[in-house]
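Below: one structure, written as structure tokens.
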Amino acid sequence: MDKGTIFYSEFDTPYGMPPFEQITNDDFRPAFDKGIEQQTKEIDAIVNNPEAPTFENTIVALDNSGAILTRVSRVFGGLKGAENNDTIQAIAEEMSPILSEHSDNISLNSALFERINTLYKESANHGLNTEQYRLLEKYYKDFVRSGIMLDDEQKDRLREINKDLSALSLNFGNNLLKETNNYTLVIDKEEDLAGLSQGLKDAAAITAKAHDMDGKWIFTLHKPSWLPFLQYADNRDLREKLYKAMYTRGDNDNEFDNKKNINKIVNLRIEKANMLGFATHADFVMEERMAKTPENVYKLLNEVWDYALPQAKKEATELQAIADKDGADFKLQSWDWFYYTEKLREEKYALNEAELKPYFKMENVRAGVFATANKLYGLNFTKLEKVPVYHPEVEAYEVTDADGSHVAIFYSDYFPRAGKNAGAWMSSFRGQQVLDGENIRPIIYNVGNFTSPTQDTPSLLTLDEVETLFHEFGHALHGMLSNVNYSGLAGTSVSRDFVELPSQILEHWAFHPDVIKLYAKHYETGEVIPDELIEKINRAANFNMGFNTTEIVAAALLDMNYHTLTQKQDLDVRKFEINAMEKIGLIDEIIPRYRSTYFSHIFSGGYSAGYYAYLWAEVLDADAFQAFEEKGVFDKETAKLFRDNILSKGNSDDPMTLYRKFRGADPDPKYLLKNRGFID
Ligand SMILES: [Zn+2]
């Protein structure tokens with residue numbers, strides 16, 4: 001078969017799953033080229049259609065255009081995130097300006113916009129239903145926001161900006177990957193491992209082996225490695241060394257420095273926003289968000305900050321006290337926080353992660369999230385054997401509905417690897433839509449970087465990892481249960497501050513007493529987690545919440561501060577960040593959840609002026625879960641309302657309208673504060 005042709009038509013496989021065993025890196029470039037060529041022809045056909053514009057011949061035709069490009073982009077994007085290598089990186093860098101130019105060729109196509117504009121102006125005459133009008137409006141706004149109203153000179157400049165921005169954000173991500181993977185903390189004396197569990201030592205020994213350093217131990221900047229080291233290693237100097245390596249990524253004045261990238265990105269975003277008639281990048285972004293304005297975002301963040309900061313200070317005092325008792329003759333630093341937090345957790349709640357972990361084998365937790373989806377929505381999950389996957393650690397499931405009908409394919413890929421980006425995410429190899437009367441079902445995946453199995457133990461998750469697994473699965477449900485007509489409105493293609501509702505709400509089930517017993521079973525004995533431990537977990541649920549909230553709000557405010565700048569300027573990134581943190585009074589013992597130089601959400605992902613969305617959505621998820629609390633966490637009727645109005649609806653209606661249909665009222669922000677234990 002010629003290179004690339006595998007992508008030219010629907011995959012001839014069960015459920016349309018990508019035939020990974022047949023796809024090689026050589027297929028991508030030709031398939032991208034073919035995809036661009038195909039979509040260009042399709043757009044020309046829409047523009048040159050002699051008939052007057054109709055919803056079908058213009059909007060639907062546009063929505064369905066570029067099938068090859070979509071197919072190859074989704075597979076390539078999946079591998080770029082989870083199974084990256086130098087070849088993939090090179091292709092991504094090569095394609096970035098080409099794809100950016102192609103998308104500009106569409107969004108700056110005046111003749112195409114002419115047809116959309118005509119339809120939009122005459123929309124009342126076309127008898128469109130809510131979903132159809134929503135799709136029309138989406139394309140109209142996309143074009144306006146992409147600069148279609150600008151004059152030719154401005155359009156040229158905008159193309160340049162877009163091309164630069166996409167290259168810069170790619171470079172930001174690559175630098176971060178390099179900085180994360182290039183660092184190792186090599187330990188050759190066993191005494192330096194004091195405080196760590198055998199499981200952590202074993203994992204570090206395996207990592208050392210992989211680096212040809214048999215007999216030593218290696219810790220890395222992947223979270224399952226650095227975090228437990230910070231939590232348990234008695235050697236303070238080494239904790240400092242590892243934490244500093246983590247939080248100076250991209251800020252080492254070397255070839256992988258991200259400060260200059262940030263400077264350019266922020267300034268280009270200002271220029272672009274101004275050109276499109278907005279005072280700041282944040283204003284530009286908010287136009288399409290539930291939050292609507294930067295002021296509304298600051299209002300929420302500042303309100304939460306006012307509860308969180310005093311709580312964090314209280315926690316710092318408690319930690320200092322426990323350190324003093326321990327004989328410490330120093331003021332607590334950021335690399336001490338995690339260590340003394342664990343000591344305090346043990347003292348206050350007699351809770352330690354080592355005691356809990358045996359109950360949270362990854363396979364059991366995954367079975368637990370499946371059981372939750374079953375009890376709520378009647379979904380069933382059947383493991384598919386011998387289907388092609390892109391890495392042996394990936395597992396595939398067929399998801400069926402209560403009546404046995406096919407719903408989706410779900411892949412899980414949960415362990416860190418060198419070629420995988422940090423963090424956890426959900427995405428898809430195929431989206432949902434109705435095409436020629438057929439309901440095309442989605443192919444969804446979750447990727448994570450959870451604790452790997454060792455020779456002696458299976459993967460045993462921390463509570464944090466359990467919560468993340470539930471979170472990402474919530475996004476997966478949003479994708480899998482999508483039931484709209486048009487691809488442009490399907491699944492998670494909703495406003496950024498709404499998209500975290502389905503994910504964050506699922507976290508509420510993870511440790512609920514009625515749920516945890518379904519899945520938390522000791523990996524050796526099969527014993528169900530004892531009530532006493534469940535009680536401890538839930539009593540400690542808001543432990544360290546001052547820290548947790550301040551680090552998130554600090555990062556969200558940092559993001560907003562960059563993106564509410566009105567003037568282009570030469571930014572001193574370090575100084576900017578220090579000033580921003582001083583202004584809100586962040587204490588020295590805590591650093592923002594993400595420092596600028598590794599804040600990939602906002603500089604290489606799609607979350608610029610959007611990190612606040614997690615808290616915004618928490619207003620919704622805390623309020624929405626209240627509906628379940630009132631009627632029972634597995635209440636079928638409430639679950640049906642949530643599925644029918646939120647999970648299946650994608651972006652087919654205004655998010656607040658959808659929310660009110662589910663809840664019968666607006667969300668009440670007090671449940672967020674309650675959820676975090678700031679009010680009773
Ligand atoms: Zn999320």
Side-chain angles (χ1 to χ4, degrees), residues 184-187 190 192-211 213-234 242 338-339 342 345-346 350-371 383 391-395 412-418 420 422 424 446-470 472-473 510-511 516-530 532-534 536-537:
T184 50
L185 175 67
V186 182
I187 292 181
E190 183 149 23
D192 287 335
L193 302 172
L196 301 177
S197 70
Q198 194 55 46
L200 292 169
K201 290 182 195 174
D202 291 348
I206 291 175
T207 311
K209 213 174 209 171
H211 283 78
M213 289 196 212
D214 242 338
K216 299 188 180 189
W217 298 268
I218 285 187
F219 291 85
T220 68
L221 300 182
H222 295 107
K223 207 172 179 186
S225 185
W226 72 257
L227 181 60
F229 193 88
L230 265 284
Q231 287 171 314
Y232 303 110
D234 294 333
L242 186 59
F338 304 88
Y339 182 74
E342 291 317 308
R345 197 197 305 267
E346 174 106 48
L351 190 68
N352 75 54
E353 206 88 79
E355 185 187 5
L356 293 173
K357 283 185 91 164
Y359 294 96
F360 296 102
K361 186 169 93 165
M362 180 281 280
E363 288 80 0
N364 290 348
V365 178
R366 183 174 53 197
V369 87
F370 287 170
K383 175 132 199 248
H391 189 278
E393 283 170 356
V394 180
E395 295 180 61
S412 69
D413 174 11
Y414 286 144
F415 304 127
R417 294 188 292 269
K420 200 188 258 192
N446 273 172
V447 180
N449 281 279
F450 305 141
T451 307
S452 298
T454 67
Q455 213 159 16
D456 307 317
T457 50
S459 158
L460 301 176
L461 305 188
T462 65
L463 295 185
D464 209 38
E465 290 171 338
V466 173
E467 196 170 85
T468 304
L469 190 150
F470 270 72
E472 294 309 328
F473 193 76
F511 305 114
I516 194 167
K517 281 190 193 173
L518 294 175
Y519 72 88
K521 294 174 188 150
H522 197 284
Y523 80 94
E524 285 172 316
T525 63
E527 171 214 13
V528 174
I529 189 167
E532 173 221 7
L533 273 186
I534 300 179
K536 276 190 197 172
I537 293 173

*Is it true that E465 and K223 make a salt bridge, defined as a side-chain N closer than 4.0 Å to a carboxylate O?*
no
*So, Y359 and E527: side-chain donor and acceptor under 3.5 Å apart, yes or no?*
yes
*Do E342 and R345 meet the salt-bridge criterion of a basic N to acidic O distance under 4.0 Å?*
yes
*Using the ring of each side chain (for Trp, its six-membered ring), is F511 parallel, tilted or perpendicular to F360, with breaks at 30° and 60°?*
perpendicular
_L460 and T451, any side-chain heavy atoms less than 4.5 Å apart_ = no
_Minimum side-chain heavy-atom gap L227-Y232 below 4.5 Å_ = no
*Side chains of I187 and I218: does their closest heavy-atom pair fall under 4.5 Å?*
no
*Would you say H211's side chain and M213's backbone share a donor-acceptor pair under 3.5 angstrom?*
no
_Between D234 and Y339, is there a side-chain donor-acceptor contact under 3.5 Å, judged purely by atom types and distance?_
yes
*Looking at F415 and E393, what are the two nearest heavy atoms and their distance?*
CB-OE1, 3.7 Å
_In terms of relative ring orientation, are W226 and F338 parallel, tilted or perpendicular, with 30° and 60° separating the classes?_
perpendicular
*Got a donor-acceptor contact below 3.5 angstrom from the N446 side chain to the E472 backbone?*
yes
*If you take all heavy atoms of L242 and L230, which pair is closest and at what distance?*
CD2-CD2, 4.3 Å
*Counting N and O atoms only, with roles assigned by atom type, does the side chain of K361 sit under 3.5 Å from a partner on the main chain of S459, one being a donor and the other an acceptor?*
no
_Are there over 12 heavy-atom neighbours, none belonging to K536, within less than 6.0 Å of that residue's NZ?_
yes
